[in-house]
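The structure under discussion appears below in the form of structure tokens.
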Amino acid sequence: MELVSNFAFGVLLVIGIGFFVRNINKLRRNIKLGKSVEISGSSRQRWKNMAIIALGQSKMVTRPIAGILHIIVYIGFIVINIEVLEIVIDGLFGTHRIFSSIGPVYGVLIGTFEIFALLVFVAVVVFWIRRNIIRLQRFMSSEMKGWPKQDGNLILYFEIVLMALFIMMNATDVQFQSMNSGNVISQFVAPWFSGFSAETIHLIERSAWWIHIVGILMFLNYLYWSKHLHILLAFPNTYYANLNPITRL
């Protein structure tokens with residue numbers, strides 16, 4: 001049964017990554033339709049721009065509240081998805097929390113992931129409220145209606161579900177909870193399942209684990225159709241940006 005599960009995971013991973021590579025190749029093909037432009041200037045300055053603008057999200061701080069929330073979601077989502085490496089190894093080889101063997105460091109890492117998961121969850125809920133309940137003026141403009149609004153909400157739903165699944169996966173992992181290391185958030189969720197049988201708790205944990213990785217692959221491939229493709233393209237865009245002052249004639 002375990003071999004079947006490992007094989008199914010491998011097939012899922014190949015399909016998910018295969019679609020992603022196909023979409024990236026489409027983007028590359030479209031970009032190469034443009035005219036070639038010679039890239040010059042300091043590579044050091046280009047790396048600096050990429051670090052400040054793409055990674056540091058410097059443009060978002062012009063709106064303090066939205067900027068801070070956006071940075072939390074962006075950095076949190078990147079940090080949490082480091083856990084995907086362990087999920088992939090466990091899924092392919094039938095191991096369980098393969099990195100837990102590194103000792104206390106593992107608890108620090110997972111604890112950090114859990115804190116970020118909670119922060120991202122809260123930030124995304126606030127974003128959803130701002131968009132759909134408070135209805136801030138900039139979200140009510142004509143260009144933000146229709147698909148742009150639906151796309152924005154879909155991204156928020158993806159992130160809410162993925163963060164919730166991550167915490168649930170940890171909360172129902174009996175072995176992880178027994179370690180009492182790194183479960184800084186999930187330890188408060190674990191008691192919600194105390195009335196369930198061991199088999200049911202294991203089933204919930206496995207279901208959350210599977211849906212979590214499927215959700216990540218779906219999110220990765222959905223980006224191709226979303227305006228949030230900038231999550232990936234911001235890095236090459238800022239690196240290859242024109243270094244000349246915008247006022248230069």
Side-chain angles (χ1 to χ4, degrees), residues 16-82 84-85 116 119-120 123-124 126-128 130-131 135-159 162-163 216-249:
I17 294 178
F19 273 107
F20 177 71
V21 170
R22 187 189 70 168
N23 291 334
I24 290 299
N25 284 334
K26 287 182 182 179
L27 288 173
R28 185 169 177 271
R29 177 202 63 194
N30 293 341
I31 291 172
K32 289 178 73 68
L33 291 174
K35 181 180 178 181
S36 297
V37 176
E38 182 180 351
I39 300 298
S40 60
S42 169
S43 61
R44 181 178 179 181
Q45 183 61 44
R46 294 186 181 281
W47 282 107
K48 181 180 178 181
N49 288 349
M50 187 174 71
I52 295 175
I53 301 173
L55 186 60
Q57 298 287 289
S58 61
K59 289 187 176 181
M60 292 304 300
V61 296
T62 55
R63 296 189 179 96
I65 296 177
I68 293 173
L69 292 174
H70 195 279
I71 290 173
I72 288 174
V73 173
Y74 185 78
I75 296 179
F77 206 78
I78 291 175
V79 169
I80 293 163
N81 280 323
I82 297 174
V84 174
L85 178 59
F116 267 112
L119 291 175
V120 171
V124 170
V126 173
F127 273 135
W128 187 88
R130 284 160 60 89
R131 278 177 172 270
R135 298 169 67 86
L136 295 180
Q137 185 60 41
R138 63 192 180 91
F139 293 124
M140 296 298 104
S141 57
S142 58
E143 66 270 17
M144 291 298 293
K145 294 180 179 178
W147 170 245
K149 180 178 180 179
Q150 184 181 351
D151 175 47
N153 280 332
L154 282 173
I155 289 290
L156 296 180
Y157 296 144
F158 260 118
E159 292 175 338
L162 290 176
M163 296 305 102
I216 289 174
L217 292 173
M218 290 176 61
F219 179 83
L220 188 65
N221 282 284
Y222 172 73
L223 288 177
Y224 177 74
W225 289 276
S226 171
K227 81 179 186 69
H228 291 81
L229 184 62
H230 69 265
I231 293 174
L232 301 178
L233 294 186
F235 293 90
N237 281 347
T238 51
Y239 182 84
Y240 289 111
N242 189 348
L243 296 181
N244 294 322
I246 58 175
T247 54
R248 178 177 176 178
L249 297 177

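Any value given below was found using the heavy atoms of this structure, including those in side chains, with hydrogens, waters and symmetry copies removed. Source: prediction; values computed, not measured.
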Contact summary for Val124 and Glu159, nearest pair of heavy atoms: CG2-OE1, 3.2 Å
Shortest non-hydrogen separation from Asn49 to Thr238 and the atoms involved: CB-O, 4.0 Å
Parallel, tilted or perpendicular: ring planes of Trp128 versus Tyr157, cut at 30 and 60 degrees: tilted
Side-chain touch Ile155/Lys227, heavy atoms, less than 4.5 angstrom: no
Nearest-0.5 Å distance that lies between atom CZ in Arg28 and atom CD1 in Ile24: 11.0 Å
Arg46 (side chain) donor-acceptor with Ala241 (main chain) under 3.5 angstrom: yes
Single hit among Phe235, Tyr239, Tyr240 for ring-ring contact (aromatic ring centres under 6.0 Å, His included) with Trp47: Tyr239
Residue pair Asn23 / Asn221: nearest heavy atoms and the distance that separates them: ND2-OD1, 3.7 Å
Whether over 12 other heavy atoms sit under 6.0 Å from Lys48 NZ: no
Pair Ser226-Asp151, side-chain donor/acceptor within less than 3.5 Å: yes
Heavy-atom closest pair, residues Val120 and Gly76: CG2-CA, 3.8 Å
Contact check, side chains of Ile80 and Met163, non-hydrogen atoms, under 4.5 Å: yes
Under the ring-ring contact (aromatic ring centres under 6.0 Å, His included) test, residues paired with Trp147 that sit two or more places apart: none
For Tyr222, all residues meeting ring-ring contact (aromatic ring centres under 6.0 Å, His included), sequence neighbours excluded: Phe158
Heavy-atom side-chain proximity of Phe19 to Leu217 below 4.5 angstrom: no
Trace of the side chain to side chain contact (heavy atoms under 4.5 Å, CB included) decision for Leu229 with Leu27: CA-CA 11 Å; Leu229 184 62; Leu27 288 173; 3.9 Å; yes
Separation between CH2 of Trp225 and CG of Leu154, rounded to the nearest 0.5 Å: 13.0 Å
